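Written below as C-alpha coordinates is the structure these notes are about.
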Amino acid sequence: MEPKRDEIVKHQLETAFTADVLEWGKDYMQRFTTLMAYYRCAMMEVETKLHVLDVEYSLQYDRNPINSIKTRLKSAESMREKLQKMGLPLSISAIEDNLSDVAGVRVICSFPKDVYTIADSLLKQDDIQLVQIKDYIKNPKPNGYRSLHLIITVPIFLAHEKKLMRVEVQLRTIAMDSWASLEHQLRYKKDYDFTDEMKYELLLCANLSAELDARMDALRSQVKD
Ligand code: 0O2
(Lines give C-alpha, C1' and ligand atoms only; values in the text may rest on other atoms or scores of the structure.)
Protein backbone atom coordinates (compact mmCIF):
# COMPACT_ATOMS: atom_id res chain seq x y z
CA MET A 1 0.00 0.00 0.00
CA GLU A 2 1.26 3.51 -0.81
CA PRO A 3 2.26 5.58 2.28
CA LYS A 4 -0.41 8.21 1.54
CA ARG A 5 -3.19 5.63 1.24
CA ASP A 6 -1.88 3.99 4.39
CA GLU A 7 -2.25 7.27 6.27
CA ILE A 8 -5.83 7.74 5.01
CA VAL A 9 -6.85 4.21 6.11
CA LYS A 10 -5.22 4.78 9.50
CA HIS A 11 -7.05 8.06 9.92
CA GLN A 12 -10.37 6.46 8.93
CA LEU A 13 -9.83 3.65 11.42
CA GLU A 14 -8.88 6.07 14.18
CA THR A 15 -11.99 8.17 13.66
CA ALA A 16 -14.26 5.10 13.38
CA PHE A 17 -12.87 3.46 16.53
CA THR A 18 -11.63 5.17 19.62
CA ALA A 19 -8.17 4.26 20.85
CA ASP A 20 -9.83 2.34 23.71
CA VAL A 21 -11.77 0.11 21.33
CA LEU A 22 -8.66 -0.54 19.22
CA GLU A 23 -6.68 -1.40 22.36
CA TRP A 24 -9.47 -3.75 23.53
CA GLY A 25 -9.48 -5.47 20.10
CA LYS A 26 -5.71 -5.95 20.26
CA ASP A 27 -5.92 -7.37 23.77
CA TYR A 28 -8.77 -9.70 22.76
CA MET A 29 -6.83 -11.02 19.75
CA GLN A 30 -3.81 -11.58 21.98
CA ARG A 31 -5.92 -13.65 24.44
CA PHE A 32 -7.43 -15.67 21.59
CA THR A 33 -3.99 -16.37 20.07
CA THR A 34 -2.68 -17.41 23.50
CA LEU A 35 -5.59 -19.81 24.09
CA MET A 36 -5.07 -21.39 20.66
CA ALA A 37 -1.35 -21.80 21.45
CA TYR A 38 -2.30 -23.61 24.70
CA TYR A 39 -4.58 -25.99 22.74
CA ARG A 40 -1.72 -26.62 20.30
CA CYS A 41 0.57 -27.48 23.24
CA ALA A 42 -2.07 -29.86 24.62
CA MET A 43 -2.27 -31.65 21.25
CA MET A 44 1.53 -31.97 21.22
CA GLU A 45 1.45 -33.51 24.73
CA VAL A 46 -1.16 -36.09 23.71
CA GLU A 47 0.60 -36.83 20.42
CA THR A 48 3.89 -37.47 22.26
CA LYS A 49 2.17 -39.80 24.73
CA LEU A 50 0.70 -41.77 21.82
CA HIS A 51 4.08 -42.01 20.06
CA VAL A 52 5.65 -43.32 23.28
CA LEU A 53 2.93 -45.98 23.60
CA ASP A 54 3.43 -46.98 19.97
CA VAL A 55 7.18 -47.38 20.48
CA GLU A 56 6.68 -49.41 23.65
CA TYR A 57 4.14 -51.77 22.06
CA SER A 58 6.29 -52.19 18.95
CA LEU A 59 9.23 -53.25 21.13
CA GLN A 60 7.00 -55.70 22.99
CA TYR A 61 5.05 -57.19 20.10
CA ASP A 62 7.21 -56.40 17.08
CA ARG A 63 4.50 -54.44 15.27
CA ASN A 64 3.04 -50.95 15.49
CA PRO A 65 -0.51 -50.65 16.86
CA ILE A 66 -0.70 -47.05 15.62
CA ASN A 67 -0.73 -46.51 11.88
CA SER A 68 -0.78 -42.68 11.95
CA ILE A 69 -1.71 -39.69 14.09
CA LYS A 70 -3.30 -36.47 12.85
CA THR A 71 -3.88 -33.31 14.84
CA ARG A 72 -6.10 -30.36 14.03
CA LEU A 73 -7.11 -27.12 15.68
CA LYS A 74 -10.76 -26.21 15.09
CA SER A 75 -11.09 -23.23 12.75
CA ALA A 76 -12.40 -19.92 14.11
CA GLU A 77 -15.33 -20.25 11.68
CA SER A 78 -16.28 -23.71 13.03
CA MET A 79 -16.01 -22.47 16.62
CA ARG A 80 -18.27 -19.52 15.81
CA GLU A 81 -20.87 -21.80 14.15
CA LYS A 82 -20.85 -24.21 17.08
CA LEU A 83 -21.21 -21.47 19.73
CA GLN A 84 -24.07 -19.92 17.76
CA LYS A 85 -25.77 -23.32 17.47
CA MET A 86 -25.46 -23.72 21.25
CA GLY A 87 -26.90 -20.22 21.76
CA LEU A 88 -23.73 -19.06 23.48
CA PRO A 89 -21.89 -15.74 23.21
CA LEU A 90 -18.88 -15.52 20.89
CA SER A 91 -16.33 -15.07 23.64
CA ILE A 92 -13.03 -16.58 24.68
CA SER A 93 -14.45 -17.92 27.94
CA ALA A 94 -17.38 -19.50 26.04
CA ILE A 95 -14.84 -21.36 23.88
CA GLU A 96 -12.82 -22.50 26.88
CA ASP A 97 -15.83 -23.52 28.99
CA ASN A 98 -18.07 -25.13 26.37
CA LEU A 99 -16.12 -26.48 23.41
CA SER A 100 -14.42 -29.82 23.96
CA ASP A 101 -13.12 -30.32 20.44
CA VAL A 102 -11.01 -27.22 19.79
CA ALA A 103 -7.96 -29.48 19.99
CA GLY A 104 -8.48 -32.72 18.09
CA VAL A 105 -6.19 -35.74 17.84
CA ARG A 106 -7.11 -38.57 15.47
CA VAL A 107 -5.36 -41.88 16.01
CA ILE A 108 -5.55 -44.41 13.19
CA CYS A 109 -4.87 -47.89 14.54
CA SER A 110 -4.07 -51.07 12.67
CA PHE A 111 -6.69 -53.39 14.21
CA PRO A 112 -9.88 -52.85 16.29
CA LYS A 113 -8.23 -54.41 19.35
CA ASP A 114 -5.43 -51.84 19.10
CA VAL A 115 -7.99 -49.02 19.43
CA TYR A 116 -8.98 -50.23 22.90
CA THR A 117 -5.43 -51.16 23.93
CA ILE A 118 -4.16 -47.65 23.10
CA ALA A 119 -7.20 -45.93 24.66
CA ASP A 120 -6.82 -47.93 27.90
CA SER A 121 -3.08 -47.23 28.14
CA LEU A 122 -3.62 -43.51 27.55
CA LEU A 123 -6.42 -43.29 30.13
CA LYS A 124 -4.29 -45.15 32.72
CA GLN A 125 -1.74 -42.31 32.76
CA ASP A 126 -2.08 -40.40 36.00
CA ASP A 127 -2.04 -36.93 34.45
CA ILE A 128 -4.87 -37.75 32.04
CA GLN A 129 -8.48 -37.30 33.16
CA LEU A 130 -11.39 -38.76 31.21
CA VAL A 131 -14.22 -36.25 30.77
CA GLN A 132 -16.42 -38.19 28.37
CA ILE A 133 -16.30 -41.36 26.30
CA LYS A 134 -18.47 -42.18 23.26
CA ASP A 135 -18.03 -45.64 21.86
CA TYR A 136 -19.33 -45.53 18.30
CA ILE A 137 -17.57 -48.86 17.61
CA LYS A 138 -19.74 -50.84 20.01
CA ASN A 139 -22.70 -48.56 19.20
CA PRO A 140 -22.24 -47.19 15.66
CA LYS A 141 -24.16 -44.06 14.62
CA PRO A 142 -27.32 -44.79 12.56
CA ASN A 143 -25.44 -43.83 9.36
CA GLY A 144 -22.77 -46.45 10.11
CA TYR A 145 -20.05 -44.14 11.53
CA ARG A 146 -17.65 -46.00 13.84
CA SER A 147 -14.89 -44.57 16.08
CA LEU A 148 -14.02 -44.35 19.75
CA HIS A 149 -14.23 -40.75 20.99
CA LEU A 150 -12.58 -39.61 24.21
CA ILE A 151 -12.69 -36.16 25.71
CA ILE A 152 -9.75 -35.88 28.08
CA THR A 153 -7.89 -33.21 29.98
CA VAL A 154 -4.13 -33.06 29.80
CA PRO A 155 -1.88 -30.69 31.75
CA ILE A 156 0.42 -28.27 29.99
CA PHE A 157 3.24 -26.78 32.02
CA LEU A 158 3.80 -23.07 31.38
CA ALA A 159 6.53 -20.87 32.83
CA HIS A 160 4.52 -20.00 35.95
CA GLU A 161 1.49 -22.26 35.98
CA LYS A 162 -0.02 -25.59 35.02
CA LYS A 163 -3.16 -25.53 32.88
CA LEU A 164 -5.54 -28.40 32.23
CA MET A 165 -6.62 -28.39 28.59
CA ARG A 166 -9.40 -30.40 26.99
CA VAL A 167 -8.58 -32.51 23.95
CA GLU A 168 -10.84 -34.69 21.82
CA VAL A 169 -9.17 -37.95 20.86
CA GLN A 170 -10.78 -39.98 18.08
CA LEU A 171 -9.45 -43.53 17.75
CA ARG A 172 -10.36 -45.70 14.77
CA THR A 173 -8.99 -48.38 12.48
CA ILE A 174 -7.76 -47.84 8.92
CA ALA A 175 -11.07 -49.26 7.63
CA MET A 176 -13.17 -46.99 9.89
CA ASP A 177 -11.06 -44.01 8.83
CA SER A 178 -11.38 -44.68 5.12
CA TRP A 179 -15.20 -44.92 5.43
CA ALA A 180 -15.39 -41.72 7.55
CA SER A 181 -13.08 -39.78 5.20
CA LEU A 182 -15.04 -40.74 2.10
CA GLU A 183 -18.41 -40.14 3.76
CA HIS A 184 -17.16 -36.73 4.94
CA GLN A 185 -16.05 -35.86 1.38
CA LEU A 186 -19.40 -36.91 -0.08
CA ARG A 187 -21.34 -35.04 2.61
CA TYR A 188 -19.44 -31.81 2.33
CA LYS A 189 -18.87 -31.69 -1.42
CA LYS A 190 -22.58 -31.78 -2.29
CA ASP A 191 -25.03 -29.11 -1.27
CA TYR A 192 -27.95 -31.53 -1.16
CA ASP A 193 -28.98 -34.15 1.39
CA PHE A 194 -28.31 -37.82 0.74
CA THR A 195 -31.29 -39.68 -0.68
CA ASP A 196 -32.55 -42.68 1.31
CA GLU A 197 -30.90 -45.01 -1.23
CA MET A 198 -27.56 -43.24 -0.80
CA LYS A 199 -27.86 -43.41 3.00
CA TYR A 200 -28.59 -47.12 2.76
CA GLU A 201 -25.63 -47.65 0.40
CA LEU A 202 -23.35 -45.81 2.85
CA LEU A 203 -24.61 -47.99 5.69
CA LEU A 204 -23.88 -51.12 3.63
CA CYS A 205 -20.34 -49.81 3.00
CA ALA A 206 -19.94 -49.19 6.76
CA ASN A 207 -21.07 -52.77 7.44
CA LEU A 208 -18.54 -54.05 4.89
CA SER A 209 -15.77 -52.09 6.60
CA ALA A 210 -16.86 -53.52 9.99
CA GLU A 211 -16.71 -57.02 8.54
CA LEU A 212 -13.25 -56.32 7.11
CA ASP A 213 -12.08 -55.20 10.57
CA ALA A 214 -13.53 -58.30 12.24
CA ARG A 215 -11.88 -60.65 9.73
CA MET A 216 -8.52 -58.88 9.94
CA ASP A 217 -8.72 -58.97 13.75
CA ALA A 218 -9.38 -62.73 13.59
CA LEU A 219 -6.29 -63.15 11.36
CA ARG A 220 -4.24 -61.01 13.76
CA SER A 221 -5.13 -63.25 16.71
CA GLN A 222 -4.20 -66.37 14.68
CA VAL A 223 -0.80 -64.87 13.83
CA LYS A 224 -0.34 -64.04 17.52
CA ASP A 225 -1.27 -67.60 18.52
P1 0O2 B 1 -14.48 -31.94 12.54
O2 0O2 B 1 -14.06 -31.01 11.49
O3 0O2 B 1 -14.06 -33.36 12.27
O4 0O2 B 1 -14.13 -31.50 13.92
P5 0O2 B 1 -20.44 -32.18 18.69
O6 0O2 B 1 -18.98 -32.54 18.56
O7 0O2 B 1 -20.83 -31.97 20.12
O8 0O2 B 1 -20.80 -31.08 17.77
P9 0O2 B 1 -21.51 -34.75 18.60
O10 0O2 B 1 -22.28 -35.45 17.52
O11 0O2 B 1 -22.03 -34.87 19.97
O12 0O2 B 1 -21.35 -33.27 18.13
O13 0O2 B 1 -20.03 -35.19 18.66
P14 0O2 B 1 -19.47 -36.56 18.26
O15 0O2 B 1 -20.53 -37.53 18.02
O16 0O2 B 1 -18.48 -36.91 19.33
O17 0O2 B 1 -18.76 -36.28 16.84
C18 0O2 B 1 -17.95 -35.18 16.61
C19 0O2 B 1 -16.89 -35.49 15.56
O20 0O2 B 1 -16.88 -36.87 15.19
C21 0O2 B 1 -17.15 -34.76 14.24
O22 0O2 B 1 -16.58 -33.51 14.31
C23 0O2 B 1 -16.45 -35.66 13.24
O24 0O2 B 1 -15.06 -35.46 13.26
C25 0O2 B 1 -16.73 -37.04 13.78
N26 0O2 B 1 -18.01 -37.58 13.29
C27 0O2 B 1 -19.14 -37.78 14.01
N28 0O2 B 1 -20.10 -38.31 13.26
C29 0O2 B 1 -19.59 -38.47 12.02
C30 0O2 B 1 -20.12 -39.00 10.79
O31 0O2 B 1 -21.26 -39.42 10.69
N32 0O2 B 1 -19.27 -38.99 9.73
C33 0O2 B 1 -17.99 -38.54 9.78
N34 0O2 B 1 -17.25 -38.59 8.69
N35 0O2 B 1 -17.48 -38.02 10.93
C36 0O2 B 1 -18.26 -37.99 12.03
P37 0O2 B 1 -17.12 -32.28 13.50
O38 0O2 B 1 -17.24 -31.15 14.46
O39 0O2 B 1 -18.34 -32.66 12.73
O40 0O2 B 1 -16.07 -31.94 12.45
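Both ligands and their constituent atoms are indexed starting at 1 by order of listing. Please read these numbers as outputs of a predicted model, since none were measured by experiment.
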Query raised in the report: For L99, which residues count as a side-chain contact (heavy atoms from CB on, under 4.5 Å) partner, sequence neighbours excluded?
Result: M79, K82, L83, M86, I95, D101, V102
Query raised in the report: Less than 4.0 Å between a side-chain N and a carboxylate O, is that true for D127 and K49?
Result: yes
Report summary line: Residue set satisfying side-chain contact (heavy atoms from CB on, under 4.5 Å) with S68, at least two apart, ordered chain then number -> I108
Requested in this report: Indicate yes or no: does D177 engage R146 in a salt bridge with an N to O separation below 4.0 Å.
Outcome: no
**Report entry** Ion pair check, K85 and E81, cut-off under 4.0 Å
**Finding:** no
**Report entry** Non-neighbouring partners of N64 that pass side-chain contact (heavy atoms from CB on, under 4.5 Å), sequence neighbours left out
**Finding:** D54, S58
Which N/O atoms of ligand 1 sit under 3.5 Å from a protein N/O, and at what distances?
unit_1	atom_1	unit_2	atom_2	d
ligand 1	4 (O)	R72	NE	3.4
ligand 1	4 (O)	R72	NH2	2.6
ligand 1	6 (O)	K82	NZ	3.0
ligand 1	8 (O)	K82	NZ	3.0
ligand 1	10 (O)	K141	NZ	3.4
ligand 1	11 (O)	K134	NZ	2.7
ligand 1	13 (O)	K134	NZ	3.4
ligand 1	15 (O)	Y136	OH	2.6
ligand 1	15 (O)	K141	NZ	3.1
ligand 1	16 (O)	K134	NZ	3.3
ligand 1	16 (O)	H149	ND1	2.8
ligand 1	20 (O)	Q170	NE2	3.1
ligand 1	24 (O)	R106	NH2	3.4
ligand 1	24 (O)	Q170	NE2	3.1
ligand 1	28 (N)	K141	NZ	3.0
ligand 1	31 (O)	N143	ND2	2.7
ligand 1	32 (N)	E183	OE1	2.9
ligand 1	32 (N)	R187	NH2	3.2
ligand 1	34 (N)	A180	O	3.0
ligand 1	34 (N)	E183	OE1	2.9
ligand 1	38 (O)	K74	NZ	3.3

